[in-house]
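Here the structure is laid out as structure tokens; the discussion comes afterwards.
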Amino acid sequence: METLVLWDLDLTLVDYSGLGGTWYAEALINAVGKELGHVPSFPGRTERSLAREILAAHGEPHGDEQIERLFAELEAVVLAARPALPTLGRALAGAAEILAALDGRDGVAQSVVTGNLPSVATWKLEAFDLHQHVDFAIGGYGSLSDHRHDLVEVAVARASAKHACAFAPASVVVVGDTPADIAAGRHHGTITVGVATGRYDVDDLTAAGADIVLPDLADTPAVLSSLLR
């Protein structure tokens with residue numbers, strides 16, 4: 001393998017805007033019997049950091065045991081919504097095309113670095129048949145750490161172990177729509193690609209230090225060239 005591409009999901013490949021708060025509201029009631037009175041900022045965050053903040057804001061213990069309980073309820077809520085995901089969200093322009101193009105390239109592995117739980121990440125991409133191009137086994141997920149840069153480290157280690165090679169930072173490409181995605185990649189010296197399809201524009205992602213900033217993923221040849229330069 002020569003290149004490892006690590007994708008963010010929400011507002012990079014897919015758009016399920018607004019559902020995070022809705023799902024957490026139901027999960028919190030199921031977990032501790034309290035209505036959601038504090039909605040955290042979601043962009044670029046991991047589920048572990050979000051769950052910890054939500055529990056603390058509602059006066060609940062927020063250690064690992066309580067977070068795992070909330071995760072279980074969150075997963076159950078999303079599982080119940082799974083049949084409706086194709087109508088609750090959308091694949092962003094060019095996502096299917098670029099994932100397929102990379103899937104067919106020799107020397108390229110692709111997975112995810114996402115704040116989502118592993119199961120939820122899979123279901124979100126399955127809703128639009130995007131999952132078939134991604135190796136979820138080597139991903140970094142939001143259940144692992146409060147800090148996004150830890151997810152990049154885990155994904156690179158998993159990919160290196162699976163492919164029996166050491167992916168150098170210059171051979172890893174972290175792609176996302178938030179400054180947090182860019183910071184996570186830069187923390188490990190990877191190539192970082194910002195995609196201005198979320199709440200941050202081209203200037204924001206450039207200021208965050210992205211090596212490349214794309215307006216979206218619609219131009220497959222241009223995106224492919226940026227990722228495999």
Original post:
For R158, does the CZ atom sit with more than 12 other heavy atoms under 6.0 Å from it, leaving out its own atoms?
Top reply: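 Yes, CZ of R158 has more than 12 neighbouring heavy atoms, counting only those of other groups under 6.0 Å.
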Original post:
Are more than 12 heavy atoms from other residues, nucleotides or ligands located less than 6.0 Å from atom CZ of R52?
Top reply: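 More than 12 within 6.0 Å, yes.
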State, yes or no, whether a side-chain contact exists between [X] and [Y] at a heavy-atom distance under 4.5 Å.
X: L217; Y: L92; value: no
X: V195; Y: D8; value: no
X: D150; Y: L144; value: no
X: L99; Y: Q110; value: yes

Quick one: [atom1] on [X] to [atom2] on [Y], what's the gap to the nearest 0.5 Å?
X: L55; Y: Q66; atom1: CG; atom2: CD; result: 7.5 Å
X: T114; Y: E47; atom1: OG1; atom2: CD; result: 7.5 Å
X: L79; Y: W123; atom1: CG; atom2: CH2; result: 4.5 Å
X: E35; Y: I29; atom1: CD; atom2: CD1; result: 5.0 Å
X: D211; Y: T192; atom1: CG; atom2: OG1; result: 3.5 Å

Subject >> Ring geometry between H163 and F167 (parallel below 30°, tilted from 30 to 60°, perpendicular above 60°) >> reply: perpendicular
**OP:** Measure the acute angle between the ring planes of Y16 and W23, then classify it against the limits of 30° and 60° as parallel, tilted or perpendicular.
**Re:** tilted
**OP:** Just do the salt bridge (charged side-chain N to carboxylate O under 4.0 Å, His left out) check on D204 and R199 with the steps written out, would you?
**Re:** CA-CA 9 Å; D204 294 328; R199 294 175 176 84; over 6 Å; no
Original post:
With a 3.5 Å cut-off and no angle check, do the side chains of D203 and T206 form a donor-acceptor pair?
Top reply: no
Original post:
Does the side chain of T197 come under 3.5 Å of the side chain of D216 through a donor N or O and an acceptor N or O?
Top reply: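 T197 vs D216: no donor-acceptor pair found between side chains.
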Could you report the tightest heavy-atom contact between [X] and [Y], atom names first, then the distance?
X: Y141; Y: N116; result: CB-O, 3.5 Å
X: V174; Y: D181; result: CG1-O, 3.7 Å
X: A51; Y: Y24; result: N-OH, 3.9 Å
X: S41; Y: P43; result: OG-CD, 3.5 Å
X: I98; Y: T220; result: CD1-O, 4.1 Å
X: L70; Y: A31; result: CD1-CB, 4.0 Å

N/O donor-acceptor pair under 3.5 Å between [X] side chain and [Y] backbone:
X: T46; Y: R148; answer: no
X: S160; Y: C165; answer: yes
X: T3; Y: V108; answer: no
X: T12; Y: G176; answer: no
X: S226; Y: A222; answer: yes

Original post:
Who pairs with E53 by salt bridge (Lys or Arg N to Asp or Glu O under 4.0 Å), at least two apart in sequence or on another chain?
Top reply: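 E53: salt bridge (Lys or Arg N to Asp or Glu O under 4.0 Å) contacts with R45.
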Original post:
Does the distance from a Lys or Arg side-chain N to an Asp or Glu carboxylate O, for R48 and D64, drop under 4.0 Å?
Top reply: yes
Original post:
Does the pair S111 and D135 meet the rule for a side-chain hydrogen bond (donor to acceptor under 3.5 Å, both in side chains), with working shown?
Top reply: CA-CA 5 Å; S111 188; D135 185 352; 5.7 Å; no
